[in-house]
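Input: a single structure, listed below in structure tokens.
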Amino acid sequence: MTGTDSDLVVLKLGGSVITDKDSPETVDDEALHRVLDAVASTSKSEDGRLVVVHGGGSFGHVHAADHGVSTTTGTSDAAAATAIHGAMKRLNGVVVDRLQERGVAALPVHPLSVAARDAEGVLSLPAGATEGLLEEGFVPVLHGDVIAHANEGVTVLSGDEIVTSLADSLGASRVGLCSTVPGVLDEHDAVIEEVRSFEDVASVLGDSESTDVSGGMAGKVQELLDLGAPAHIFGPDAVGDFLTGERAGTLVDGR
Ligand SMILES: Nc1ncnc2c1ncn2[C@@H]1O[C@H](COP(=O)(O)OP(=O)(O)OP(=O)(O)O)[C@@H](O)[C@H]1O
Ligand SMILES: C=C(C)CCOP(=O)(O)O
């Protein structure tokens with residue numbers, strides 16, 4: 001949120017950061033308050049536009065696992081889809097409410113209503129609603145969800161996919177992923193400052209074939225390297241630094 005008014009920052013709050021992954025549908029209040037305090041204080045002091053995306057944690061993932069739904073295996077059971085979507089809407093409601101309580105003009109955008117995948121799994125996520133809200137001065141808050149998937153019913157759309165899709169379609173100037181770890185870690189658990197190619201980190205992340213691109217660090221790094229914008233992976237303590245344009249965690253930049 002530094003620079004010109006038109007600068008757009010996309011920030012993802014990891015589901016494992018803002019929820020207690022060991023307890024179904026439980027928000028990690030302390031962690032959520034901490035990261036939202038940082039978002040609220042910087043959004044008042046910095047120019048620029050912000051989109052927030054959050055993951056599923058103990059909300060969406062528990063229901064997705066119960067119903068055997070992943071990013072590639074779907075369900076045609078409307079009740080199952082509603083269970084997953086409903087849980088994600090509850091978490092989204094908490095994030096939006098708590099941002100509004102802090103004076104941030106947050107509004108929800110639910111991907112189920114706008115996005116779809118074709119039979120090859122290629123995602124279409126129209127950005128008109130998000131863009132329109134940004135133009136009106138709101139902070140759109142999107143979430144991982146279930147979406148229509150040709151021949152599969154609905155499948156999971158991850159927050160990471162939303163981030164990369166919107167960053168491209170809206171021309172984000174910076175992207176940040178707040179995870180539970182302080183960055184991409186090397187074999188001694190030290191934060192790697194910069195990743196310019198996947199080969200730089202393949203040995204600590206495992207090779208791409210063995211990785212589920214919807215989750216885990218290897219998939220994140222691969223997708224972020226393909227973006228047209230610099231991306232940062234950092235821990236909950238560094239949200240404020242990222243939003244004010246300071247160095248935060250690991251810079252991933254494949255441009
Ligand atoms: N080299 C590495 N450096 C940092 N984390 C790694 C590394 N290799 C694997 N990981 C794992 O990747 C995890 C981060 O990915 P994960 O998808 O769980 O994060 P998240 O953004 O918080 O996602 P979610 O929204 O799904 O909870 C870390 O918790 C860590 O266990
Ligand atoms: C499980 C659901 C519905 C959301 C997944 O989003 P993620 O936590 O970003 O992978």
Side-chain angles (χ1 to χ4, degrees), residues 10-22 24-25 27-28 31-32 35 52-75 80-92 95 110-112 115 123 141-147 149 154-166 175-193 195 198 200-208 210-224 231-236 238-239 249-250 252:
V10 179
L11 169 68
K12 183 200 166 196
L13 305 176
S16 38
V17 173
I18 62 170
T19 72
D20 177 352
K21 270 209 155 173
D22 298 327
E25 294 208 24
V27 172
D28 183 334
L32 185 61
V35 297
V52 175
V53 178
H54 64 80
S58 65
F59 284 73
H61 287 290
V62 171
H63 294 279
D66 279 353
H67 295 286
V69 180
S70 69
T71 55
T72 50
T73 303
T75 180
T82 304
I84 303 166
H85 176 67
M88 289 308 300
K89 273 203 304 192
R90 285 191 284 282
L91 178 58
N92 183 256
V95 175
H110 304 302
L112 172 60
L123 172 66
V141 184
L142 294 94
H143 53 87
D145 206 343
V146 282
I147 58 167
H149 186 146
V154 299
T155 53
V156 167
L157 171 69
S158 76
D160 289 354
E161 291 176 279
I162 299 172
V163 168
T164 47
S165 173
L166 286 183
V175 168
L177 298 191
C178 174
S179 187
T180 46
V181 281
V184 182
L185 306 176
D186 69 14
E187 56 273 43
H188 308 294
D189 281 352
V191 174
I192 298 169
E193 295 229 329
V195 178
F198 195 75
D200 293 352
V201 285
S203 62
V204 287
L205 295 177
D207 72 14
S208 54
S210 64
T211 305
D212 172 355
V213 292
S214 75
M217 199 49 85
K220 282 188 209 308
V221 169
Q222 270 181 326
E223 291 191 8
L224 295 176
H232 297 255
I233 297 174
F234 48 84
V239 173
T250 302
V252 181

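Note that ligands are numbered from 1 as they come in the structure, with each ligand's atoms numbered from 1 the same way. Residues: numbered from 1 along the sequence shown.
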Self-check item: Sequence-distant partners of D28, side chain to side chain contact (heavy atoms under 4.5 Å, CB included), two or more places apart
Solution: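 If we apply the side chain to side chain contact (heavy atoms under 4.5 Å, CB included) test to D28, skipping adjacent residues, the hits are E30, A31.
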
Practice problem: Using non-hydrogen atoms of the residue, decide whether G183 is closer than 4.0 angstrom to ligand 1. | Solution: yes

Only heavy atoms of [X], strictly under 4.0 Å: list the atoms of ligand 1 that pass.
| X | answer |
| --- | --- |
| V204 | 1 (N) |
| G55 | 25 (O) |
| K12 | 21 (O), 23 (O), 24 (P), 25 (O) |
| V184 | 3 (N) |
| G14 | 21 (O), 22 (O), 25 (O) |
| T180 | 29 (O) |
| G15 | 24 (P), 25 (O), 27 (O) |

Quiz item: Do the ring planes of H143 and H85 sit parallel (below 30°), tilted (30 to 60°) or perpendicular (above 60°)?
Solution: tilted

Quiz item: Considering only heavy atoms, does M88 approach ligand 2 within less than 4.0 Å through its side chain, its backbone, both, or neither?
Solution: side chain

Quiz item: V181 to ligand 1: N or O pair under 3.5 Å?
Solution: no

Quiz item: Would one find an N or O of L185, backbone or side chain, under 3.5 Å from an N or O of ligand 1?
Solution: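 Right, the criterion is met.
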
Practice problem: Measure from atom 19 (O) of ligand 1 to every heavy atom in P236, S179, G235 and give the option owning the shortest one. | Solution: S179

Backbone or side-chain N or O of [X] under 3.5 Å from ligand 2 N or O:
| X | result |
| --- | --- |
| G144 | no |
| V146 | no |
| H61 | yes |

Any [X] heavy atom less than 4.0 Å from ligand 2:
| X | result |
| --- | --- |
| G15 | no |
| D145 | yes |
| K12 | yes |

Quiz item: Heavy-atom contacts under 4.0 Å between L205 and ligand 1: side chain, backbone, both, or neither?
Solution: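 The side chain, only.
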
Practice problem: Please work out whether any backbone atom (N, CA, C, O) or any side-chain heavy atom from C-beta onward of K21 is under 4.0 Å from ligand 1, and answer side chain, backbone, both or neither. | Solution: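 Near ligand 1, K21 shows its side chain, while the N, CA, C and O stay back.
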
